[in-house]
Student: 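Below you will find the structure I want to go over with you.
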There are 2 protein chains.
Amino acid sequence: MTEGVLPEAGGSDAESAAGVHRPRRSDVTRAAILRAARERFAADGYDRATIRAIAADARIDPSMVIRYYGSKEELFATAAEFDLRLPDLSDVPPDRLGAALVSYFFTRWEEDSTLPALLRTASTNPSAAERVREIFATQLSAAVARMVADPAEAPRRAALVASQLLGVALTRYVLRLPPMVDISPADLITWLSPTIQRYLRAAPGPDRR
Amino acid sequence: MTEGVLPEAGGSDAESAAGVHRPRRSDVTRAAILRAARERFAADGYDRATIRAIAADARIDPSMVIRYYGSKEELFATAAEFDLRLPDLSDVPPDRLGAALVSYFFTRWEEDSTLPALLRTASTNPSAAERVREIFATQLSAAVARMVADPAEAPRRAALVASQLLGVALTRYVLRLPPMVDISPADLITWLSPTIQRYLRAAPGPDRR
DNA sequence: AGCAGAAGTCAACAAGCGTTGGCATATCGT
DNA sequence: ACGATATGCCAACGCTTGTTGACTTCTGCT
């Protein structure tokens, strides 16, 4: 790589770094690039989000992007770092897990559009899709494993949960289907919670009532 | 546009045309282009699917693609034409609508990958997203309106149905989350049917059992 | 047979892309 | 104050893209 040119290319997190090392003067630029990159990748996807456009948003030269992040692919990898930050739900009574999970995801999405962005990009970019699979496997699947009765069922139940939650993210934030956009978060939570609850806890098969 | 160059640019459907006009000698080529385009758009999305690659698949010159379809955008518009072909479900008893709809969608997806393709592309291409919204509004929403009790609730219920069904298509065919890929269609139908059934018919709010 | 037009090939274009290296400027330790 | 080095801009590269126009080959009609 071109690692040798950079003073410390493998450096840690940039934004508001609690300085393990002394903060560099260029940190604000790095952060500006990353912020612009996140926005562009979110709005346009990997291919249409050009380095030149990202640089223009950050008001610096395109070459700086490469110098600080090595390549477009590496920039994307950094921009697409994403932690679901799933809270500890071990105190939640089992019959409220669905509602807790759904409402958590909503508050998360409304404040941080990285996941919809990742979703948008993952549809066409293989490494972004791989990233989503990673997040699913290491974060969601692990959390779900702590919620279900039979651990062997965890991956399948996690996948079902993901299908509904990502489906909402897709139709609401990416495709923007009008009725899905218009529905209030509260109503949506009311509708979705029983679904997630069933995927997490119910015995397989159609539920009778 | 360049319409004047073409003998009959605004022509009708190409593949196995039940000749309203006399079939042209080039119809097989047109069909080959369209088939290759569908595959490429499906596999790579709009941006990465290049005209050159499509032409190579169809074993013709890239310029032919333009001559027959005008531009990449128009080619995509033609390739992304998609009819859900929702069957008449008026004979299905109301408490089986969910199961009927879910299993229909599965058989549809397994035989024709156009919808996952459209989904992949819609994430980054605005006109593809618009196409999905159209399909939703004119086809799914209309069908759902015939299934629900209160017509005023139809768009909202249709959106919920779409969120779950498209979520499955996304996780299974586009993102390819391993547990979602591995699950058998029969099991998946068993899990999803109650969800769709509830979105179609149930009173809002958490279901008690 | 000869011709009109359709079908297809070829080479090139302008534009945009990611990326690179060279050069100017600013900052900081000494 | 000075040199080292980090930071930034500029111009250019090699490449790929969609698209175009001129040219050749094939086909079917009279």
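Throughout, a chain's letter reflects where its sequence line sits, starting with A, and its residues are numbered from 1.
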Student: Which nucleotide in the list D/dT19, D/dC9, C/dG18 gets nearest to the side chain of B/R52?
Tutor: D/dT19

Student: For a quick check, tell me whether the side chain of B/R30 and the base of C/dG8 share a donor-acceptor pair closer than 3.5 Å.
Tutor: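 No pair found.
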
Student: Of the candidate nucleotides D/dC9, C/dT9, C/dT19, which contains the atom at the shortest distance from the side chain of A/R67?
Tutor: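 Output: D/dC9.
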
Student: What nucleotide among C/dT19, D/dT7, C/dC10 has an atom nearest to a side-chain atom of B/D61?
Tutor: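 Looking only at heavy atoms from C-beta outward on B/D61, the closest nucleotide is C/dC10.
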
Student: If you check the B/I60 side chain, which of D/dC10, C/dA12, C/dT9 turns out closest?
Tutor: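 Per side-chain heavy atoms of B/I60, the pick is C/dT9.
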
Student: Go nucleotide by nucleotide along DNA chain C from the 5' end; which of A/T50 and B/V28 gets its closest nucleotide reached first?
Tutor: B/V28

Student: To the nearest angstrom, how far is B/D47 atom CG from D/dG18 atom C1'?
Tutor: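 Value for this atom pair: 12 Å.
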
Student: Between B/L75 (CG) and D/dT17 (C1'), how many Å, whole number?
Tutor: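 In whole Å, D/dT17 C1' lies 15 Å from B/L75 CG.
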
Student: Inspect the contact between A/D44 and A/R120 and indicate whether a charged nitrogen and a carboxylate oxygen are less than 4.0 angstrom apart.
Tutor: no

Student: Mark yes or no: B/R157 above the aromatic ring of B/Y199, with NZ or CZ under 6.0 Å from the six-membered ring centre and no more than 45 degrees from the axis.
Tutor: no

Student: Starting the side chain at C-beta, find the nucleotide from C/dA7, C/dT20, D/dG18 nearest to A/I66.
Tutor: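 The nucleotide sitting nearest to the side chain is C/dT20.
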
Student: Starting the side chain at C-beta, find the nucleotide from C/dT19, C/dA7, C/dT9 nearest to A/I51.
Tutor: C/dT19

Student: Send over the distance from B/M64 CE to D/dT19 P, rounded to a whole Å.
Tutor: 16 Å

Student: Between A/K72 and B/R59, just flag the one whose closest nucleotide in DNA chain C comes earlier from the 5' side.
Tutor: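 First, find each residue's nearest nucleotide; the 5'-ward one identifies B/R59.
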
Student: When you check the side-chain N and O atoms of A/Y173 and A/E110, is any donor under 3.5 Å from an acceptor?
Tutor: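 There is such a pair (donor and acceptor under 3.5 Å, judged by atom type) between the side chains of A/Y173 and A/E110.
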
Student: Whole angstroms only, please: what is the CZ-P distance between A/R48 and D/dT17?
Tutor: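 Nearest whole value for this atom pair: 15 Å.
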
Student: I need the CD1-P distance between A/I54 and C/dT19, as an integer number of Å.
Tutor: 11 Å

Student: Report yes if at least one side-chain N or O of A/S63 is closer than 4.0 Å to OP1 or OP2 of D/dC9; otherwise report no.
Tutor: no

Student: So, does B/T29 get its side chain near the phosphate of C/dG8, meaning an N or O under 4.0 Å from OP1 or OP2?
Tutor: yes

Student: A/D27 CG to C/dT27 C1': how many Å, rounded?
Tutor: 15 Å

Student: Rounded to the Å, how far apart are B/R40 CZ and D/dT17 P?
Tutor: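 After rounding, the gap between these two atoms is 11 Å.
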
Student: Test side-chain contact (heavy atoms from CB on, under 4.5 Å) on B/L75 and B/L34; report intermediate values, then the result.
Tutor: CA-CA 8 Å; B/L75 171 63; B/L34 201 56; 4.2 Å; yes

Student: Exactly one of A/E73, A/K72, A/R40 should register a side chain to side chain donor-acceptor pair (under 3.5 Å) with A/Y46. Which one does?
Tutor: A/E73

